[in-house]
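The structure appears below as structure tokens.
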Amino acid sequence: MTQPARTRIAPSPTGDPHVGTAYVAVFNKALAMQTGGQFVLRIEDTDRERSTAASEAAIFRSLAWLGLGWDEGPDVGGPHGPYRQSERLDIYHDHVKRMVDAGTAYPCFCTPDELAAMRQRQKEAKQPPRYDGTWRDAPKAKVDEWLRAGKPHVVRLRVPNEGSTTFTDEVRGAITFENANIDDQVLLKGDGFPTYHLANVVDDHLMGITHVIRAEEWISSVPKHVFIYDALGYPMPKLAHVPLLRNKDKSKISKRKNPVSIDWYTEKGYLPEAIVNFLALLGYSLESGEEIFDFATLVEQFSIDRINPSAAPVFNLEKLDWLNGEYVRAMSLDALAERILAFGYPADRADMLRRFLPIVQERIKTFDEVAPMTDFFFADPTDYDPELLVPKKCDRAFAREALRGFADRLPALDAAPTGADYEAAVDALATEREWKRGNVFMCLRVAVTGSKQTPPLVESMEILGRDAVARRLEHAITRLGETA
RNA sequence: GCCCCCAUCGUCUAGUCAGGUCCAGGACACCGGAUUUUCGAUCCGGCGACACGGGUUCGAAUCCCGUUGGGGGUACCA
């Protein structure tokens, strides 16, 4: 095995906890675990406008829920903290000072308005929008004077105007950019906060990160990072860019077109292990071709080499649904009941849940389906359309007689009939009257459950008990009479 | 516009780096059949792809070039 890898995810606490964060976390954590390294959670709250404590808490909660816990982070601490960038401002300032002193960065006093106007002009002139270098080579005396006067400014990276920069992406190989196309990136904002680029490089180094596995959208900023690493004399970590999750139209996955918040999946009643399994299937595959596997298996077999550079994984909930169903069906009834209760299924229905779960397990994909499918166990259905009681190609008279006939057989049954008892009664009735069994079943099904699509009927009756069944039959007969 | 990445069934992918074993394999979805008291589950079967054009080679999904297409980036957001 190789050296222990230290990996990280670096989400911004802006908005809901994002599936993209979880997606990247899967690979980072897998690599760290596989090599006996550490998986770090760093909060990149350098955008003061948008960062919120609530969002940060949601990130903690949702990642933990997914089983993607971290070895070091703002909440658990660690030897390389603090793990919240807003608490590391001094560190960034030191680094920026080093860079300015060395001339690899410089103060820029252009105002946001000036920059916006500049971009506008460039756009109109069909020029590529980029910083025009106003302060790049300003006389030192002037810069010092403005600095002393306390003029608001940012600090920019001094990118060479010539030559090219090449780096290696572990997934795609060598990638080269012409330096002339790289802007003088802002490193330190006017509010004294670092930009992503600076903070990211500094922290990855200081935190001992060896492998950066992140989304493809970052590829074009790597050259800037290369300059920062060089300017600081820090070695580059290994970089691996995974494909971006996509909407159906192939654009970068977004809130408008996909459920992107992990909370949504929690609320819908997905299994975290199924979600993680699903994410690991996007842009990645096990050598064996196995599609259903747990995280331990991924940890064992993970290899950056197998990340697919050409994937453009459309986020396909249908496959997640299928996977989740597979997990649900593979679970023991006890475990499943516990999970459904934990999901929020009413605790006072726990006993009943355990009784009907055997006939419900194979019928659900997500936990939010349980309640609607099983409400009939708890309350007599009364608001269904009586027409539903009449099977296809049958008439009301048939429905009435079937219900009556079955109801009349109930008293003769055991006080607590089994499913088999009920089934025998249906059979006897159908045989005697020369009815199609299926028609009798359908009629009874609607009377007892209020729906045409339900868990198996006689088992449901067994759970409901003879009295409830009888009561529902009488109600159905009445309903049929009402509008006849 | 400019820069970068990418191009296999509707979708997720295997195969591409080390060209022949691929008239391209698996999965989801879809369609059909079996089973069946509905739904579901299950089992069988089917549909369905190497973007296009050149080149290299005895041989190309695999290598090269171009075209087209898709995506990302181009902020004092990450």
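Computed from a prediction, not measured in an experiment: that's the story for all the values here. The figures that follow rest on heavy atoms only: side chains count, while hydrogens, waters and symmetry mates do not. Letters A, B, ... mirror the listed sequences (proteins, then strands); counts begin at 1.
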Rounded to whole Å, please give me the gap between CG in Asp305(A) and C1' in G15(B). 15 Å
Review item, nucleotides 45-51 of chain B N/O atoms under 3.5 Å of protein N/O:
none

Given protein heavy atoms under 4.0 Å, the one-letter contact record of nucleotides 7-13 of chain B, with B base, S sugar-phosphate only and - none, is simply S---SBS
With rounding to the closest Å, how many angstrom separate the C1' atoms on G26(B) and C65(B)? 33 Å
Between the side chains of Thr111(A) and Asp113(A), is a donor N or O closer than 3.5 angstrom to an acceptor N or O? no
Give the rounded distance in Å between these two atoms: CD of Glu216(A) and C1' of G70(B). 11 Å
Send over the distance from Leu239(A) CG to C5(B) C1', rounded to a whole Å. 15 Å
Please work out which of the three classes, parallel, tilted or perpendicular, describes the rings of Tyr422(A) and Phe406(A), given edges at 30° and 60°. tilted
Using both distances under 3.5 Å as the test, list the Watson-Crick or G-U wobble partner of A24(B), or none. none
Val226(A): side chain to side chain contact (heavy atoms under 4.5 Å, CB included) partners, not counting sequence neighbours: Thr165(A), Phe167(A), Val222(A), Asp230(A), Met236(A)
Rounded to whole angstrom, note down the C1' distance from G71(B) over to G32(B). 38 Å
From CG of Asn181(A) across to C1' of C4(B) the rounded distance in Å is 10 Å
Determine which nucleotide pairs with C9(B), using a 3.5 Å limit on both distances of a Watson-Crick or G-U wobble pair. none
Which listed nucleotide (C5(B), U38(B), U42(B)) is nearest to the side chain of Thr454(A)? U38(B)
Taking the six-membered ring for Trp, are Tyr83(A) and Trp70(A) closer than 6.0 Å centroid to centroid? no
If each of Trp322(A) and Val458(A) is mapped to the nucleotide of RNA chain B with the nearest heavy atom, which maps nearer the 5' terminus, i.e. the 5' end? Trp322(A)
Distance between C1' atoms of G46(B) and G55(B) (Å, rounded): 39 Å
Review item, nucleotides 76-78 of chain B N/O atoms under 3.5 Å of protein N/O:
unit_1: C76(B); atom_1: O2; unit_2: Gly190(A); atom_2: N; d: 2.6
unit_1: C76(B); atom_1: N4; unit_2: Cys110(A); atom_2: O; d: 2.9
unit_1: C77(B); atom_1: OP2; unit_2: Lys189(A); atom_2: NZ; d: 2.9
unit_1: C77(B); atom_1: O2'; unit_2: Asp47(A); atom_2: OD2; d: 2.8
unit_1: C77(B); atom_1: O2'; unit_2: Arg50(A); atom_2: NH2; d: 3.1
unit_1: C77(B); atom_1: O2; unit_2: Arg50(A); atom_2: NH2; d: 3.4
unit_1: A78(B); atom_1: OP1; unit_2: Thr46(A); atom_2: OG1; d: 2.8
unit_1: A78(B); atom_1: OP1; unit_2: Lys189(A); atom_2: NZ; d: 2.6
unit_1: A78(B); atom_1: OP2; unit_2: Tyr196(A); atom_2: N; d: 3.2
unit_1: A78(B); atom_1: O3'; unit_2: Ser12(A); atom_2: OG; d: 2.8
unit_1: A78(B); atom_1: O3'; unit_2: Glu44(A); atom_2: OE1; d: 3.1
unit_1: A78(B); atom_1: O2'; unit_2: Ser12(A); atom_2: OG; d: 2.8

One should read off an interatomic distance between Ile219(A) CD1 and Ile175(A) CD1, to the nearest 0.5 angstrom, of 4.5 Å
Just to be sure I understand the rule, does Ser251(A) reach a base, reach only the sugar-phosphate, or reach nothing, if contact means heavy atoms closer than 4.0 Å? sugar-phosphate
At 4.0 Å (heavy atoms only), tell me whether Lys365(A) reaches a base, stays on the sugar-phosphate, or touches nothing. sugar-phosphate
Ignoring hydrogens and angles, are the base of U37(B) and the side chain of Arg437(A) linked by a donor-acceptor pair under 3.5 Å? no
May I ask you to check whether Tyr345(A) and Phe367(A) place their ring centers less than 6.0 Å from one another? no
Describe the nucleic acid contact of Arg172(A) in one word from base, sugar-phosphate, nothing, applying a heavy-atom distance below 4.0 Å. sugar-phosphate
Interatomic distance at C1', C23(B) relative to G15(B), whole Å: 16 Å
With a 6.0 Å cut-off on the ring centroids, do Tyr270(A) and Phe278(A) count as close? no
C1' spacing across the pair A61(B) / G25(B), given as an integer number of angstrom: 13 Å
U16(B) -> Watson-Crick or G-U wobble partner, both distances under 3.5 Å, gives none
Sub-6.0 Å ring centroid separation between Trp218(A) and Tyr196(A): yes
Just how far, in rounded Å, is C1' of C39(B) from CD of Glu459(A)? 13 Å
Contacts of Lys436(A) meeting salt bridge (Lys or Arg N to Asp or Glu O under 4.0 Å) (sequence neighbours excluded), chain-then-number -> none
So Arg306(A), base contact, sugar-phosphate only, or nothing? Heavy-atom distance under 4.0 Å. sugar-phosphate
Could you pull out the closest heavy-atom pair between Tyr106(A) and Arg158(A), with the gap in Å? CB-NH2, 3.8 Å
Length of the CZ-C1' vector between Arg130(A) and U74(B), whole Å: 10 Å
Name the pairing partner of G1(B), where a pair is Watson-Crick or G-U wobble with both distances under 3.5 Å, or state none. U74(B)
Roughly how far apart, to the nearest Å, are C17(B) and C12(B) at atom P? 23 Å
Using whole Å, report how far CZ of Arg214(A) lies from C1' of C5(B). 14 Å
If I pick the P atom on U16(B) and the same atom on A75(B), what distance separates them, to the nearest angstrom? 39 Å
Is it true that Glu216(A) and Lys252(A) have a side-chain N and a carboxylate O under 4.0 angstrom from each other? no
Any strand counts, and the cut-off is 3.5 Å on both contacts for Watson-Crick or G-U wobble. Which nucleotide pairs with G46(B)? C30(B)
Whole-Å gap separating C1' (A41(B)) and CG (Asn324(A)): 15 Å
State which of U74(B), U38(B), G72(B) makes the closest approach to the side chain of Met442(A). U38(B)
When the P atoms of C6(B) and A14(B) are considered, how many whole Å apart are they? 15 Å
Counter-base of G53(B), judged by Watson-Crick or G-U geometry with both distances under 3.5 Å: C65(B)
Lys/Arg N to Asp/Glu carboxylate O, Lys268(A) vs Asp368(A), below 4.0 Å: yes
For Thr449(A) and Thr454(A), test the side chains for any donor-to-acceptor distance below 3.5 angstrom and give the result as yes or no. no
Could you give the side-chain donor-acceptor pairs of residues 308-316 of chain A under 3.5 Å, partners two or more places apart or in another chain?
unit_1: Asn308(A); atom_1: OD1; unit_2: Ser310(A); atom_2: N; d: 2.9
unit_1: Asn308(A); atom_1: OD1; unit_2: Ser310(A); atom_2: OG; d: 2.8
unit_1: Asn308(A); atom_1: OD1; unit_2: Ala311(A); atom_2: N; d: 3.3
unit_1: Asn316(A); atom_1: OD1; unit_2: Glu318(A); atom_2: N; d: 3.0

